[in-house]
A.B. asks: 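My structure is below; once you've seen it, I'll send some questions.
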Amino acid sequence: MNPSLTSSSSLSSSSSSSPSWFSGIVRGGRSSSLKMSSNSAVAVAVAADTAGPVIRKNQFRGVLFKYGPNPIQVAFKTGEFKRQVIFIGGLTDGFLATQYLEPLAIALDLENWSLVQFLMSSSYSGYGTSSLQQDAKELDQLINYLINKEDSEGVALLGHSTGCQDIVNYMRTNYACSRAVRAAIFQAPVSDREYQATLPHTASMIDLAAKMISEGRGLELMPREADPSAPITAYRYHSLCSYNGDDDMFSSDLSDDQLRMRLGHMSNTHCQVIFSMADEYVPDYVDKKALVERLCRAMGGAEKVEIEYGNHSLSNRVEEAVNAIIDFLKREGPKGWDDPWN
């Protein structure tokens, strides 16, 4: 998805902490629905001392490092723990992509988890000339770095928007380091195709992209009107906007069998789906409750979290987002990882 996201985050102004991190949360296992409270984990995060990973609004304390040879391959890690949550942003995203990252970093720190944000070839305006396959390669390089340089005991992947497609694709690739993934969290797994279909120019642009691909020009750029936000190749436009494209994983018009073909391999990973019930990038005709139920079922019974009135990036429901993620990791976090080379 290609939303206009704010690149800064904010913390709650509340200074009081709740008696329990997770008071008010109705918990459930796989294939269950959680109704989130509006105060718990974030309240504790706000009460954290200044030695934590966030100094003040928009100021993180951590380590900036290179995880691969390309100039863009830079990552930022808060905390010095052996378990890491890797945030994978959506289209146009980079560092500090969503407002819940600040309180999440603090909450993870209190649970002995590090938060890793990273840049890849598809970050910011690079998504149009990249692919899910390139993202998977670079994600594997990052996890390899964490294993070999940071002595990682396991990672959890947190995808936002199109970052959810990255998780699905990466876990299908069977890269060696994918065995270090102990959990996957899908925040706003929505269909780029269904949203793009609501725009007037999409149909003609899909036809043009298909024609260019058939002529062997899939890596050439589309006209500017195809995507005013960034240069985009015919292949990537077709992948995002066409039926059965590489990025077409969460569309409501896919059959249950089609969803299982795309998502069924995630049943081998502990998964959580966080769905915003007022997501502005899901067309009005889509039954959101039915869709998220079908997505969880296709993943073999992923845990379902419905956030009422939540928007795409959950900027209006930051606390619920953090609560859901922390609760998920606390209950069934990774116990270690299998040596991919053994």
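Computed from heavy atoms alone, side chains included, the values below leave out hydrogens, waters and symmetry copies. One-based numbering along the sequence shown.
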A.B. asks: Donor-acceptor pair, Glu138 side chain versus Ser121 backbone, under 3.5 Å?
C.D. replies: yes
A.B. asks: Got a donor-acceptor contact below 3.5 angstrom from the Arg182 side chain to the Glu153 backbone?
C.D. replies: no
A.B. asks: Classify the side-chain pair Gln84/Ser152 by whether it contains a donor and acceptor separated by less than 3.5 Å.
C.D. replies: yes
A.B. asks: Are the side chains of Met249 and Cys164 in touch, meaning some heavy atoms are under 4.5 Å apart?
C.D. replies: no
A.B. asks: One thing to verify: whether Arg331 and Asp327 come together as a salt bridge, which I'm taking to mean a side-chain N less than 4.0 angstrom from a carboxylate O.
C.D. replies: yes
A.B. asks: Output yes when a side-chain donor or acceptor of Gln187 lies under 3.5 Å from a complementary backbone atom of His312, and no otherwise.
C.D. replies: yes
A.B. asks: Evaluate the criterion side-chain contact (heavy atoms from CB on, under 4.5 Å) for residue pair Leu314 and Thr98; output intermediate values, then yes/no.
C.D. replies: CA-CA 8 Å; Leu314 290 177; Thr98 66; over 6 Å; no
A.B. asks: Give the minimum heavy-atom separation between Val318 and Pro103, together with the two atoms involved.
C.D. replies: CG1-CG, 3.6 Å
A.B. asks: Would Phe65 and Tyr145 count as a close aromatic pair, with their ring centres under 6.0 Å?
C.D. replies: yes
A.B. asks: Under a plain distance cut-off of 3.5 Å, with no hydrogens placed, do Asp253 and Tyr243 share a side-chain donor-acceptor pair?
C.D. replies: no
A.B. asks: Donor-acceptor pair, distance only, cut-off 3.5 Å: does the side chain of Ser130 make one with the backbone of Tyr127?
C.D. replies: no
A.B. asks: For the salt bridge (Lys or Arg N to Asp or Glu O under 4.0 Å) test, which of Asp247, Asp135, Asp227 pairs with Arg236?
C.D. replies: Asp247
A.B. asks: Can you tell me how far CD of Gln73 sits from CZ of Phe118, rounded to the nearest 0.5 angstrom?
C.D. replies: 9.5 Å
A.B. asks: Taking salt bridge (charged side-chain N to carboxylate O under 4.0 Å, His left out) as the test, write out the residues that go with Arg172, two or more places apart.
C.D. replies: none
A.B. asks: Checking ring pair (Phe, Tyr, Trp, His ring centres under 6.0 Å) between Tyr281 and each of Tyr195, Phe250, Phe275, which is the one that passes?
C.D. replies: Tyr195
A.B. asks: side-chain contact (heavy atoms from CB on, under 4.5 Å) between Thr78 and Asp109: does it pass, once the steps are laid out?
C.D. replies: CA-CA 8 Å; Thr78 61; Asp109 192 79; over 6 Å; no
A.B. asks: Within the structure provided, determine whether Met120 and Ile88 are in side-chain contact (heavy-atom separation under 4.5 Å).
C.D. replies: yes
A.B. asks: Less than 4.5 Å apart, side chain to side chain, heavy atoms only: is that true for Pro223 and Leu208?
C.D. replies: yes
A.B. asks: Is it the case that the side chain of Asn316 and the backbone of Asn311 share a donor-acceptor pair, with hydrogens and angles ignored and the cut-off at 3.5 Å?
C.D. replies: yes
A.B. asks: Looking at Glu293 and Lys304, is there a salt bridge between them, counting it only when a charged N and a carboxylate O are closer than 4.0 Å?
C.D. replies: yes
A.B. asks: To the nearest 0.5 Å, what is the distance between CZ on Arg179 and CD1 on Ile143?
C.D. replies: 13.0 Å
A.B. asks: Using side-chain heavy atoms (C-beta onward) and a distance below 4.5 Å, is Leu158 in contact with Leu104?
C.D. replies: yes
A.B. asks: Roughly how far, to the nearest 0.5 Å, is CG of Asp279 from OG of Ser161?
C.D. replies: 7.5 Å
A.B. asks: Could you tell me whether Tyr309 atom OH has more than 12 heavy atoms of other residues or ligands within 6.0 Å of it?
C.D. replies: no
A.B. asks: Nearest heavy-atom pair of Asn169 and Leu132: which atoms, and what distance?
C.D. replies: ND2-O, 3.1 Å
A.B. asks: Going by the rule side chain to side chain donor-acceptor pair (under 3.5 Å), which residues pair with Tyr237 if we only count those two or more places apart in sequence or in a different chain?
C.D. replies: none
A.B. asks: What are the two closest non-hydrogen atoms of Ile213 and Tyr235, and how far apart are they?
C.D. replies: CD1-CA, 4.0 Å
A.B. asks: Within a strict 4.5 Å, meaning less than it, do heavy atoms of the Val116 and Val155 side chains meet?
C.D. replies: no
A.B. asks: When Asp248 is tested against each of Arg193, Gln258, Arg262, Gln165 for side chain to side chain donor-acceptor pair (under 3.5 Å), which residue passes?
C.D. replies: Arg193
A.B. asks: Using every non-hydrogen atom in the two residues, find where Leu295 and Pro189 come nearest and quote the distance to one decimal.
C.D. replies: CD1-O, 3.9 Å
A.B. asks: Is it possible for you to say whether Met212 and Leu221 belong to one hydrophobic cluster, with membership spreading through side-chain heavy-atom contacts below 4.5 Å?
C.D. replies: no
A.B. asks: So, does Gln59 use its side chain to make a donor-acceptor pair with the main chain of Arg56 at under 3.5 Å?
C.D. replies: no
A.B. asks: Go through the steps to decide whether Leu91 and Asp192 satisfy the test side-chain contact (heavy atoms from CB on, under 4.5 Å), and finish with yes or no.
C.D. replies: CA-CA 10 Å; Leu91 306 186; Asp192 290 89; 4.0 Å; yes
A.B. asks: Could you state the interatomic distance from CD (Glu320) to CD (Glu308), rounded to the nearest 0.5 Å?
C.D. replies: 10.5 Å
A.B. asks: What's the shortest heavy-atom distance between Val322 and Ala107, and which atoms?
C.D. replies: CG1-CB, 3.9 Å
A.B. asks: Side-chain contact test, heavy atoms from C-beta onward, threshold under 4.5 Å: evaluate it for Thr162 versus Asp93 and give yes or no.
C.D. replies: no
A.B. asks: Is it true that atom NZ of Lys288 has more than 12 heavy atoms of other residues, nucleotides or ligands lying nearer than 6.0 Å?
C.D. replies: yes
A.B. asks: For Glu194 and Ser252, work out which heavy atoms get closest and say how close.
C.D. replies: OE2-OG, 2.6 Å
A.B. asks: Checking Thr202 side chain against Gln196 main chain: does a donor-acceptor pair fall under 3.5 Å?
C.D. replies: yes
A.B. asks: Would you confirm whether Ser114, through its side chain, and Phe81, through its main-chain N or O, come within 3.5 Å as a donor-acceptor pair?
C.D. replies: yes
A.B. asks: To the nearest 0.5 Å, what is the distance between NE2 on His160 and CG on Leu101?
C.D. replies: 9.5 Å
A.B. asks: Within the 4.5 Å heavy-atom criterion, are Ile147 and Cys177 side-chain neighbours or not?
C.D. replies: yes
A.B. asks: Mark yes when over 12 heavy atoms from residues, nucleotides or ligands other than Lys211 sit less than 6.0 Å from its NZ; otherwise mark no.
C.D. replies: no
A.B. asks: Report whether Phe76 and Leu96 are members of the same hydrophobic cluster (ILVMFWY, side-chain heavy atoms less than 4.5 Å apart, transitive linking).
C.D. replies: yes
A.B. asks: How many angstroms lie between OH in Tyr124 and OG in Ser229, if you round to the nearest 0.5 Å?
C.D. replies: 15.0 Å
A.B. asks: Given the rule in the side-chain contact (heavy atoms from CB on, under 4.5 Å) test, do His238 and Asp246 qualify, once you have shown the distances and angles that lead to the verdict?
C.D. replies: CA-CA 8 Å; His238 194 268; Asp246 289 347; over 6 Å; no
A.B. asks: Heavy-atom distance under 4.5 Å between the side chains of Ile167 and Thr269, does that happen here?
C.D. replies: no
A.B. asks: Using the test side chain to side chain donor-acceptor pair (under 3.5 Å), find all partners of Asp140 that sit at least two apart in sequence or belong to another chain.
C.D. replies: Tyr170
A.B. asks: Determine yes or no for a side-chain-to-main-chain donor-acceptor pair under 3.5 angstrom, with His265 supplying the side chain and Val168 the backbone.
C.D. replies: yes
